[in-house]
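To start, the structure itself, in structure tokens.
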There are 2 protein chains.
Amino acid sequence: MTNSLRFAPIAADLPPTVPFTGPETLARRSGQPILARLGANENGFGPSPRAIEALAAAASEIWQYGDPDAHDLRSALAARHGVPTDNIMLGEGIDALLGLTVRLFMAPGEAVVTSEGAYPTFNYHVAGFGGALHKVPYRDDAEDPEALLARAGEIGARLIYLANPDNPMGSWLPREQIEAMLDRLPSGALLLLDEAYADFLPPEALPRIDAEDPRVLRFRTFSKAYGMAGARIGYVIGAAAAVAGYERIRNHFGLNRIAQAGALAALGDQAWLAEILARVAASRARIAAIGHASGLQALPSAANFVALDCGGDGARARRVLEGLAQRGVFVRMPGVAPLDRCIRISTGPEAAMDLLADALPGAVASA
Amino acid sequence: MTNSLRFAPIAADLPPTVPFTGPETLARRSGQPILARLGANENGFGPSPRAIEALAAAASEIWQYGDPDAHDLRSALAARHGVPTDNIMLGEGIDALLGLTVRLFMAPGEAVVTSEGAYPTFNYHVAGFGGALHKVPYRDDAEDPEALLARAGEIGARLIYLANPDNPMGSWLPREQIEAMLDRLPSGALLLLDEAYADFLPPEALPRIDAEDPRVLRFRTFSKAYGMAGARIGYVIGAAAAVAGYERIRNHFGLNRIAQAGALAALGDQAWLAEILARVAASRARIAAIGHASGLQALPSAANFVALDCGGDGARARRVLEGLAQRGVFVRMPGVAPLDRCIRISTGPEAAMDLLADALPGAVASA
């Protein structure tokens, strides 16, 4: 590294590792094409046909930058959630918004709490901005508010990360438990509530939180239930003062123009969303049955994926995952014990489920 | 601002202003619809029809995340530039890449040099990561390498920003001047060479720089000549060690999937690009003629826009700009004297030029 290319201090100390290697890269490395893409919790049922139409119709507008205020989409989201537009901030997926959030609210050296095995990309951003990351264990395969609060109090945490429903286990918390957690946040702590999978829960199961509540920011996305992972549209619901803060640091013209049009159309087709929820539920049951047939136990899930307990340690689950990969079935698995006794399989269309059903017995047998 | 929502120190000191207000927002505020969109240096001639077809064809794949390594597009760019793929880093437009670059290479408090009136979004990122921004004046409506080098030496600049061709004036530097500049960079300085508009110059007019040269990073985009501003695809050409550095901090899944497909198709249609260059050149001449008819002098331009000297101070140019806006013609203007005697008009199709020709005499008369 020459003098001109020396990295800034925080960046210089970061590892060159990335949170997730893409499935395309995995397939290129192994030479095994992916036949069933069930590893990224994408929605293989796809978005509303109206969204696909809107994307195609907007293609000829690609010469124009997108509206940096995303006025139409933001207004529609505000109406959908029953909040003022000042409480909605759009961004290039939850990943980008988590990065901005860490940068906006956490000074280098400040403490942050998450769960051991929870979303790696959040940890990546905390490290990337020089935070001190602390982890507490899951409890019964769910994130543990008591442990998060206790650790946050001990270390004076600036940020607390909680996903509900949880990824990678699919567990979820009663809404009362999250609401009660807010009342017990240590002074100066801000809860980042990742609700990427919240659309898969019935609305009445979600916590009631005033959009102006200064103790929490909620993260939502079009990547999961709305089936538009490739569009890169996520949003924050939070206090207007927080939303205004993002204006100081965000990439204002970062939202793809035609993705905005597609997301608006997707949001307008709630009948399709209801259909997706039914298909996802059926697919979860099918994954559980496929696992059961090979002696693997499905964990309960409120998301568009199922964790299958492979009945051993992380090494065994890794062998099952690799056996699936060799058969063209792409899945992922949790990174740490004891969660890593499981593999995590996304729901998807019957053709993908059939491939999984064909591949799993051999993968388990060879594990 | 409550305790939970307090901003981190650098963010807390930032102004709530944004570099550019979008044309959609301007139109909503004024109530005057935009009839001729000539203010953002977009390419109103549009991208290759093949790119539009590729976008539409890929719409049904939107349920999948984009390839985080953008393997196909990156490989095609590497081939086009005759460099290894390790020298190419893709990102969500040059704006996002400038932000990552500042974060990767500049520590808070370090000094940065740019030109007074040059790209505001770069300044936004320097401020956003706590840098100390220094500015030198333009010389004869062009960025001034001598002044940039001299100031960089005085203050021990970490980064030097130079755009070639320049925005907002449209001027350009002989390639030898930029090549010579590299040899005279102060120790420890890194040149950020913004070549967003370089596709409008003949290749032989661009500096010859080895991709592994550790003294410079070059920024390119699909937003201008390739007509895909709404896609958000930019890239850096630079040393492999620098490119690897971005992996530590970038938003790996940030690139829209169908935008990648569109950009790949656009890159493959070099005949279209040649046609665009001809149309842009003709449109520049038309803008100059329209200006001349109203007594405004066109500055020479190597980009897809023309600066028209309104023959007075910034206040007069502002009145001309506002007169155009009232007539539905959206243009922008430089932010500081003496550049702000001009308005900056993007090239575009004949219909937009006709609207400009209709509107300018009245706008000048009322100024």
Side-chain angles (χ1 to χ4, degrees), chain A residues 1-5 7-9 11 14 16 18 22 24-25 40 42-44 46-47 52 55-56 59-60 62-69 71 92 95-96 104-107 128 187-188 190 214-215 227-232 239 241-242 244-245 247-249 251-254 256-259, chain B residues 1-5 7-9 11 14 16 18 22 24-25 40 42-44 46-47 52 55-56 59-60 62-69 71 92 95-96 104-107 128 187-188 190 214-215 227-232 239 241-242 244-245 247-249 251-254 256-259:
Chain A
M1 187 70 54
T2 74
N3 200 27
S4 289
L5 289 181
F7 296 142
L14 294 171
V18 304
E24 292 83 0
T25 301
E42 296 160 332
N43 177 351
I52 295 176
L55 289 168
S60 62
I62 199 76
W63 66 274
Q64 300 176 44
Y65 288 103
D67 175 3
D69 292 328
H71 174 270
E92 305 94 321
D95 282 2
L104 186 58
F105 293 105
M106 182 204 79
S187 171
L190 176 65
R215 301 167 299 180
M228 297 185 66
R232 315 315 302 127
E247 293 292 349
R248 301 175 178 214
I249 59 167
N251 182 16
H252 295 93
F253 287 84
N256 181 295
R257 184 179 187 92
I258 63 179
Chain B
M1 188 70 55
T2 72
N3 199 28
S4 290
L5 289 181
F7 297 142
L14 295 171
V18 304
E24 292 84 359
T25 301
E42 296 159 331
N43 177 350
I52 295 176
L55 288 168
S60 62
I62 199 74
W63 64 274
Q64 300 176 43
Y65 288 103
D67 175 5
D69 293 327
H71 174 271
E92 304 94 321
D95 282 2
L104 185 58
F105 293 105
M106 181 203 80
S187 171
L190 175 66
R215 302 167 299 180
M228 297 184 66
R232 314 317 301 128
E247 293 292 349
R248 301 175 179 215
I249 60 168
N251 183 16
H252 294 93
F253 287 84
N256 180 295
R257 183 177 189 93
I258 64 180

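We name chains A, B, ... by the order of the sequence lines, and we start the count at 1 in each one. These numbers come from the heavy atoms of this one structure, side chains and all, not from hydrogens, waters or symmetry mates.
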Option in [options] with maximal non-hydrogen atom pairs under 4.5 Å from chain A:
options	value
B/A59, B/A244, B/P68, B/G22	B/A59
B/A40, B/G128, B/A229, B/A11	B/A229
B/D67, B/I52, B/L55	B/D67
B/G66, B/G254, B/G46, B/P9	B/G254
B/A107, B/S187, B/G188	B/G188

Using every non-hydrogen atom in the two residues, find where [X] and [Y] come nearest and quote the distance to one decimal.
X	Y	result
A/W63	B/G44	CE3-CA, 3.5 Å
A/F7	B/A241	CZ-O, 3.6 Å
A/S4	B/L190	O-CB, 3.7 Å
B/P47	A/I62	CG-CG2, 3.5 Å
B/A56	A/A56	CB-CB, 4.0 Å
A/P16	B/R248	CA-CG, 4.3 Å

Please look at [X] and chain A and tell me whether the side chain, the backbone, both or neither of the residue comes under 4.5 angstrom of a heavy atom of that chain.
X	result
B/A231	both
B/N43	backbone
B/M228	both

Most heavy-atom pairs under 4.5 Å with chain B, out of A/I258, A/D69, A/N251, belong to A/N251
Could I get the full list of side-chain hydrogen bond (donor to acceptor under 3.5 Å, both in side chains) partners for A/S60, not counting sequence neighbours? none
Quick one: does A/E42's side chain have a donor or acceptor within less than 3.5 Å of a partner on B/Y65's backbone? yes
Counting distance only, does the side-chain N/O of B/R232 pair as donor-acceptor with the main-chain N or O of A/F253 below 3.5 Å? yes
All salt bridge (Lys or Arg N to Asp or Glu O under 4.0 Å) counterparts of A/E92, not counting sequence neighbours: none
Measuring heavy-atom distances to chain B, does A/A96 have an atom under 4.5 Å in its side chain, in its backbone, in both, or in neither? both
Any Lys/Arg nitrogen of A/E24 or B/R257 sitting under 4.0 Å from an Asp/Glu carboxylate oxygen of the other? yes
